[in-house]
Chemist: 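Pasting a structure below so you can have a look.
Every value quoted in this text rests on a predicted model; they were computed, and no experiment measured them. Remember, it's 1-based here, ligands and their atoms both numbered in the order they're listed.
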Amino acid sequence: MRRTRTRIAVVLAGTAALATAIGLASTAQAATTLGASAADKGRYFGTAVANYKLSDATYSGILDREFNMITPENEMKWDATEPNQGQFSYGSADAIVAHANAHGQRMRGHALAWYSQQPGWAQNMSGTALRNAMVNHITNVAGHYKGKIYAWDVVNEAFADGGSGGRRDSNLQRTGNDWIEVAFQTARAADPGAKLCYNDYNTDGINAKSTGVYNMVKDFKSRGVPIDCVGFQSHINSGSPLTSDYQANLQRFADLGVDVQITELDIAYSGTQQASAYATVTKACLAVSRCTGITVWGIRDSDSWRSSDNPLLFDGNGNKKAAYTSTLDALNGGSTSSPPPVSTSPSRSTSPSPSTSPSNPGGGQGCTATTSVNQWQGGFVVTVRVTAGSTINGWTVGLALPSGATVTNSWNVTRSGNNWSNVSYNGHVNAGQYTEFGFQGTGTAGTLTPTCSGS
Ligand code: G2I
């Protein structure tokens, strides 16, 4: 009897080993959770999370089983993180980050600069005071989370709805059209490792609004403004339906040299129509190699900001819906498009030089430096481009500011008086290529005459 049992046990063990081997082999084709399946395709699958729901076991059970990226639904917004000017409040957001760390999930940060959900004190500000408040806010919040955020929605919803293709009016917009690039430069300085995204809604197909954003991104890339990604919220409903050019729209942005992400997906259709639309969106992301992941805007229908539309993947009881299955199937059957390159990219760029000619050329051994200045009343941002004549491994730009101008913030550079030198990751510049650094200040930058010396 004992011998028989032993033999059965050995046979079973052998079978189990074989089954495990087969199971592992087939896992790559058919992962059983959204996060694992997306990971097999080099992508993430995330959700918006509300901190106060983490104590709900059904909610956190689904979260930790299915999702490997988290966006705080409200906890990192300006009103939550700086309720009084200069007083920062990170408790709820920190709790979400701690949950993510404990469960192997990464974080998307949302959102540093936005016309909505501003604290009352900021709503009442304008001009230079508001601009400075925005810069201070971004510096503090992105600095607090430095190294902990995969991607930040640096600027949210800055474009107008409708056919204008232009900017939305807001107190931030009225501080000057360059507020968006200042926000990106400030975020880069505060957390150089985070991908920096522009995020908006009704930009999910090719239309006037998305083309306005497209033109801004193209301009930013050509001038070296640090932007790494564009978020497409994808709040799909009958008034803002899923269009057949969804994938083409993602692709045209990716072709500008930015990652694309689906950031707040929910689909207010029902039944099979909803399931099929989720599959279409998922396949579109898989088909675009720079689409790095998908985030849904909540877990259960009851968690949604528009819960009466039942737009999510789980019903109010936490059961998987048809939309869940179609999404998972789409992930598992996803195209073989290569995953996006993994990069902790420095700012060096090989993109074509800007159309505007350099304002202040200056040269020395191995390199030249040029500046472009964005001046507004009371403040400025300077971008300095260092172009290598022959390949260099380090550089120093000599650049003096007029009296009365004070630097408050700089990025991709280390400064000693009037000498601005490379940091660890941007000293090496190949012949003919360039890298950029920048700084922000108060006062007037005036006409700058930089010199450059390479080593
Ligand atoms: O409106 C849907 C989303 C559009 N894109 C940007 C997202 O940040 C935005 O998320 C929603 C949240 O899902 C809501 O939860 O943003 C809303 C505010 O603009 C959030 O609603 C707010 C309520 O308006 C507040 O009354 C409430 O105090 O949620 C707050 C916290 O529960």
Chemist: Atoms of ligand 1 less than 4.0 Å from His235 heavy atoms?
Modeler: 3 (C), 4 (C)
Chemist: Describe, in one word, how the ring planes of Phe232 and Phe253 are oriented to each other, choosing from parallel (under 30°), tilted (30 to 60°) and perpendicular (over 60°).
Modeler: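 Plane angle over 60°, so perpendicular.
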Chemist: Could you list the atoms of ligand 1 found under 4.0 angstrom from a heavy atom of Gln233?
Modeler: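 This gives 4 (C), 5 (N) as the contact atoms.
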Chemist: Give the C-alpha distance, both sets of side-chain angles, the deciding distance and a yes or no for salt bridge (Lys or Arg N to Asp or Glu O under 4.0 Å) between Arg188 and Asp228.
Modeler: CA-CA 10 Å; Arg188 177 67 98 227; Asp228 306 305; 3.0 Å; yes
Chemist: Among all protein heavy atoms in this structure, tell me which lies nearest to atom 20 (C) of ligand 1, with the distance rounded to 0.1 Å.
Modeler: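 Among all protein heavy atoms, the one nearest atom 20 (C) of ligand 1 is Asn74 OD1, 3.3 Å.
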Chemist: Picking from Trp152, Trp297, Tyr145, what satisfies ring-ring contact (aromatic ring centres under 6.0 Å, His included) with His110?
Modeler: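 It is Trp297; the other options fail the test.
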Chemist: Quick test: of every protein heavy atom, which one is nearest to atom 5 (N) of ligand 1, and how far off is it to 0.1 Å?
Modeler: Glu264 OE1, 2.6 Å
Chemist: For the residue pair Tyr115 and Trp78, is the inter-centroid distance of their aromatic rings smaller than 6.0 Å?
Modeler: no
Chemist: Can you check whether a protein heavy atom sits less than 4.0 angstrom from atom 27 (C) of ligand 1?
Modeler: no
Chemist: Please check atom 3 (C) of ligand 1 for a protein heavy-atom neighbour under 4.0 Å.
Modeler: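 Yes, there is one.
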Chemist: Flag this pair as yes if the NZ/CZ of Lys321 is under 6.0 angstrom from the six-membered ring centre of Tyr278 and inside a 45 degree cone about the axis; otherwise no.
Modeler: no
Chemist: Using a 4.0 Å heavy-atom cut-off, which part of Asn156 comes near ligand 1: side chain, backbone, both, or neither?
Modeler: side chain
Chemist: Taking distance alone, with N or O pairs closer than 3.5 Å, would you say Trp305 contacts ligand 1?
Modeler: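 Not met; the criterion fails.
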Chemist: For atom 13 (O) of ligand 1, what is the closest protein heavy atom, and at what distance to 0.1 Å?
Modeler: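 Going by distance alone, atom 13 (O) of ligand 1 is nearest to Glu73 OE2, 2.4 Å.
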Chemist: A quick test of your reading: do over 12 heavy atoms of other residues, nucleotides or ligands sit less than 6.0 Å from NZ of Lys53?
Modeler: yes
Chemist: Which option out of Lys77, Arg306, Gln117 puts a heavy atom nearest to atom 18 (C) of ligand 1?
Modeler: Gln117
Chemist: Please check if a non-hydrogen protein atom sits closer than 4.0 Å to atom 11 (C) of ligand 1.
Modeler: yes
Chemist: Test the Arg108-Tyr150 pair against the cation-pi criterion, namely NZ or CZ under 6.0 angstrom from the six-membered ring centroid and within 45° of the ring axis.
Modeler: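 No, Arg108 does not lie over the aromatic ring of Tyr150.
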Chemist: Are His144 and Tyr90 an aromatic pair by the rule of ring centers under 6.0 Å?
Modeler: yes
Chemist: Once you measure the plane-to-plane angle for Tyr198 and Phe159, does it fall in the parallel (<30°), tilted (30-60°) or perpendicular (>60°) bin?
Modeler: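 Tyr198 and Phe159: perpendicular rings.
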Chemist: Consider every N or O of Trp114 and every N or O of ligand 1, then say whether any pair is closer than 3.5 Å.
Modeler: no
Chemist: Strictly inside 4.0 angstrom of atom 24 (O) of ligand 1, do you find any protein heavy atom?
Modeler: no
